[in-house]
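Input: a single structure, listed below in C-alpha cells.
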Protein chains: 2
Amino acid sequence: MEDRAVSCLIALRRVLSAADHNARAVAKVTGLSVQQLIVLRIVEDTTEITPMMIARSAGVAPATATALIEKLAQMDYVSRRRSESDRRRYWVSLTEAGKAALHSAPDPLHQKFSEEFARIPDYEQAMILAALERVANMVSIPGETLPGTDESHVLEVSEALGAETIAPA
Amino acid sequence: MEDRAVSCLIALRRVLSAADHNARAVAKVTGLSVQQLIVLRIVEDTTEITPMMIARSAGVAPATATALIEKLAQMDYVSRRRSESDRRRYWVSLTEAGKAALHSAPDPLHQKFSEEFARIPDYEQAMILAALERVANMVSIPGETLPGTDESHVLEVSEALGAETIAPA
DNA sequence: ACTCTTCATTCAGATTTCGAAGAATCAGAT
DNA sequence: ATCTGATTCTTCGAAATCTGAATGAAGAGT
C-alpha cells in the first residue's frame with residue numbers, strides 16, 4: 001500500500017508549487033526578494049536571532065546571510081544589536097517597519113486558505129490540522145526553522161536592556 | 001476559531017521549509033539547480049510540454065524557460081521536437097538519461113515520509129491523504145503544475161511518429 | 001601566550017533571472 | 001494574396017543573487 005504514500009507526495013507537491021508561486025507573487029508586491037521575505041519571517045518567528053542561525057534556517061551560506069541582513073537593515077526592516085556575551089555576534093530583530101511590511105503585504109495563499117478553511121465543518125478542520133501537524137513532524141528537521149524552541153539564546157534576554165543598536169562595519 | 005487556520009498555516013510553513021531544504025540538498029547532489037529540477041519534474045509529469053507551459057508552471061519568465069531548457073538539453077536530460085501543427089513551438093520531453101537522473105537521485109524527504117508513513121495505522125494514512133488532497137485543492141491554482149489534465153496538446157499525439165529531434169537555433 | 005575553533009565580513013567570480021527587442025509563425029480580415 | 005495583430009520563442013545586455021575562499025576579530029582550552 002505504498003500507493004497512498006505516493007498520492008500524498010503528489011498532493012504535497014501541488015501544495016509546494018502553489019506556495020512557490022505565491023511566494024514569488026508576494027515578493028513582487030512587497031519589492032523584496034523571496035529570500036529576503038524568508039529571512040524576515042524567520043526573524044519574526046524567533047524575535048531575536050544571529051546571522052549564523054539565519055543562514056542555517058534559510059539554507060544559505062553565511063556570506064549570503066550577511067548580504068540579506070544588510071539589505072533588510074538598509075530598508076530599516078531589521079535592527080542589529082551587538083551581543084554582550086560574545087562580541088563577534090549580534091542579534092537581529094524585526095523593526096516596527098519590518099513588522100508592518102510583513103503584515104501589510106497581502107498573502108493570497110494565506111487568505112485563500114483561511115477563507116476556504118472557515119467554510120468547512122468543524123470536525124474536518126480538526127482533521128486537517130492534525131494531519132498537517134503530523135506531516136510537519138514527519139518531514140521537518142527538529143532544530144530548524146523554529147528556533148523559538150531553541151534555548152541557546154534565551155539566556156541573552158538580559159542583554160535587552162541598555163544595549164545600543166549598532167550597524168556593524 | 002480562526003485560531004485553527006493559523007495553526008494550519010504554521011504547520012504548512014514547517015513543511016514548506018523542510019521541502020525547501022530538501023530541494024536544495026537534492027539539487028546539490030544531482031548537480032542541477034533547484035529550478036532545473038522543477039522543470040525536469042514538470043516535464044516528467046506531462047510527458048510532453050512546450051516552453052511556454054513550462055514557464056507558466058515553473059513560474060518563471062519565458063526567457064528563463066528557454067535558458068533552463070537549453071541547459072537540460074545540453075545535458076541530454078530532455079529532447080526537443082518541433083511541432084508540426086505550429087512551427088513556432090516545440091515539445092519538450094524527458095530522455096532516458098533525464099528519467100534516470102530524476103529517479104536515481106536520492107530524495108531524503110521522499111524517503112523519510114514514505115518510511116514514517118508506512119509505519120502509521122491504516123485509518124490515519126487515509127486521513128492524512130484526504131487532508132493533503134483537501135489542502136492541495138484549496139490552495140493550488142486549477143490549471144497549474146498538472147497540465148497533464150490540459151487537453152490542448154493531446155491532439156498532437158499523432159505527431160509522435162516520424163518527427164525529427166531538432167535542436168532549435 | 002599559544003593554538004584551535006567559531007562568527008561575520010569582504011571580494012571576485014559564476015550563475016541566474018528578467019525585460020525589451022526581434023524574428024518567425026499563425027489566424028483572421030480585407 | 002496581403003495585411004494586421006497576436007503568439008511563441010530567442011537573443012542580448014543589465015541587474016541581482018549566491019557562493020567559496022580569504023580575512024579579521026573574538027572566544028575557548030591548554
Side-chain angles (χ1 to χ4, degrees), chain A residues 20-21 23-25 27-28 30-40 48-75 78 80-92 147 152-153 155-156 159 166-169, chain B residues 20-21 23-25 27-28 30-40 48-75 78 80-92 147 150 152-153 155-156 166-169:
Chain A
D20 187 58
H21 278 247
R24 288 163 190 273
K28 185 156 275 184
T30 58
L32 296 163
S33 76
V34 174
Q35 292 287 43
Q36 286 171 349
L37 216 47
I38 289 175
V39 168
L40 222 49
E48 248 189 353
I49 188 170
T50 67
M52 237 353 189
M53 296 171 180
I54 291 177
R56 272 196 270 270
S57 285
V60 297
T64 309
T66 297
L68 286 168
I69 294 165
E70 176 59 28
K71 271 274 174 69
L72 290 172
Q74 276 177 14
M75 300 188 230
V78 301
R80 293 172 284 197
R81 191 168 51 72
R82 183 64 63 186
S83 166
E84 298 286 336
S85 60
D86 185 341
R87 311 279 316 280
R88 291 169 303 181
R89 315 201 278 172
Y90 59 84
W91 300 105
V92 179
S152 68
H153 72 284
L155 312 170
E156 307 279 346
E159 286 192 30
I166 293 177
Chain B
D20 186 59
H21 276 250
R24 288 163 190 272
K28 185 154 276 185
T30 58
L32 295 162
S33 78
V34 174
Q35 292 289 44
Q36 287 171 350
L37 218 45
I38 289 175
V39 169
L40 222 49
E48 247 189 354
I49 189 170
T50 68
M52 240 347 190
M53 295 171 180
I54 290 177
R56 273 197 270 270
S57 285
V60 297
T64 308
T66 297
L68 286 168
I69 294 165
E70 177 60 29
K71 270 275 173 68
L72 290 172
Q74 276 177 15
M75 300 188 229
V78 300
R80 293 172 284 197
R81 191 169 50 72
R82 185 62 64 187
S83 166
E84 298 287 334
S85 59
D86 186 340
R87 311 278 316 283
R88 291 169 301 183
R89 315 201 278 171
Y90 59 85
W91 300 105
V92 179
D150 180 50
S152 68
H153 72 284
L155 313 170
E156 306 280 346
I166 292 178

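Heavy atoms only: backbone and side chains are in, while hydrogens, waters and symmetry mates are out.
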Sorted by chain and number, sequence neighbours left out, salt bridge (Lys or Arg N to Asp or Glu O under 4.0 Å) with B/R88 holds for B/D86

Supply the atom-to-atom distance B/E48 CD to B/T50 OG1, rounded to the nearest 0.5 angstrom.
10.0 Å

Listed partners of A/T66 passing side-chain contact (heavy atoms from CB on, under 4.5 Å), at least two apart
none

Do side-chain atoms of A/R87 reach the backbone of A/R82 as a donor and acceptor pair under 3.5 angstrom?
no

Nearest-Å distance for atom pair CD/C1', residues B/E70 and D/dC12
15 Å

Figure out the CZ/P separation between B/R89 and D/dA6, and round it to whole Å.
18 Å

With sequence neighbours excluded, residues passing side-chain contact (heavy atoms from CB on, under 4.5 Å) with B/A23
B/V34

Taking only N and O in the side chain of B/Y90, is any of them less than 4.0 Å away from OP1 or OP2 of D/dT10?
yes

Output the rounded distance in Å from CZ (B/R80) to C1' (D/dT10).
11 Å

I'd like to check the side-chain contact (heavy atoms from CB on, under 4.5 Å) partners of B/A73; sequence neighbours left out, ordered by chain and number.
B/V78, B/R80

For the pair made of CG in B/L32 and C1' in C/dT16, what is the distance, rounded to whole Å?
15 Å

Distance test, side-chain N/O of B/K71 to OP1/OP2 of C/dT15, below 4.0 Å
no

Every protein N/O within reach of nucleotides 27-30 of chain D N/O, cut-off under 3.5 Å:
{"from": "D/dG27", "atom 1": "OP1", "to": "A/R87", "atom 2": "N", "distance (Å)": "3.2"}

Check whether any side-chain nitrogen or oxygen of B/Q35 sits under 4.0 Å from OP1 or OP2 of C/dT16, and answer yes or no.
no

In this structure, how many angstroms lie between the P atom of D/dA16 and the CD atom of A/Q36, rounded?
11 Å

What residues 62-69 of chain A contributes to the DNA chain C interface at heavy-atom separation below 4.0 Å is A/P62, A/A63, A/T66

A/K28 NZ - C/dC18 P separation (whole Å)
7 Å

Over how many whole Å does the gap from B/I49 atom CD1 to D/dT8 atom P extend?
13 Å

Below 4.5 Å, heavy atoms only, C-beta onward: do B/Q36 and B/T30 meet side chain to side chain?
no

Rounded interatomic separation in angstrom, taking CD1 from B/I54 and C1' from D/dC9
12 Å

From B/V60, B/T64, B/I49, B/L72, residue fulfilling side-chain contact (heavy atoms from CB on, under 4.5 Å) relative to B/V39:
B/L72

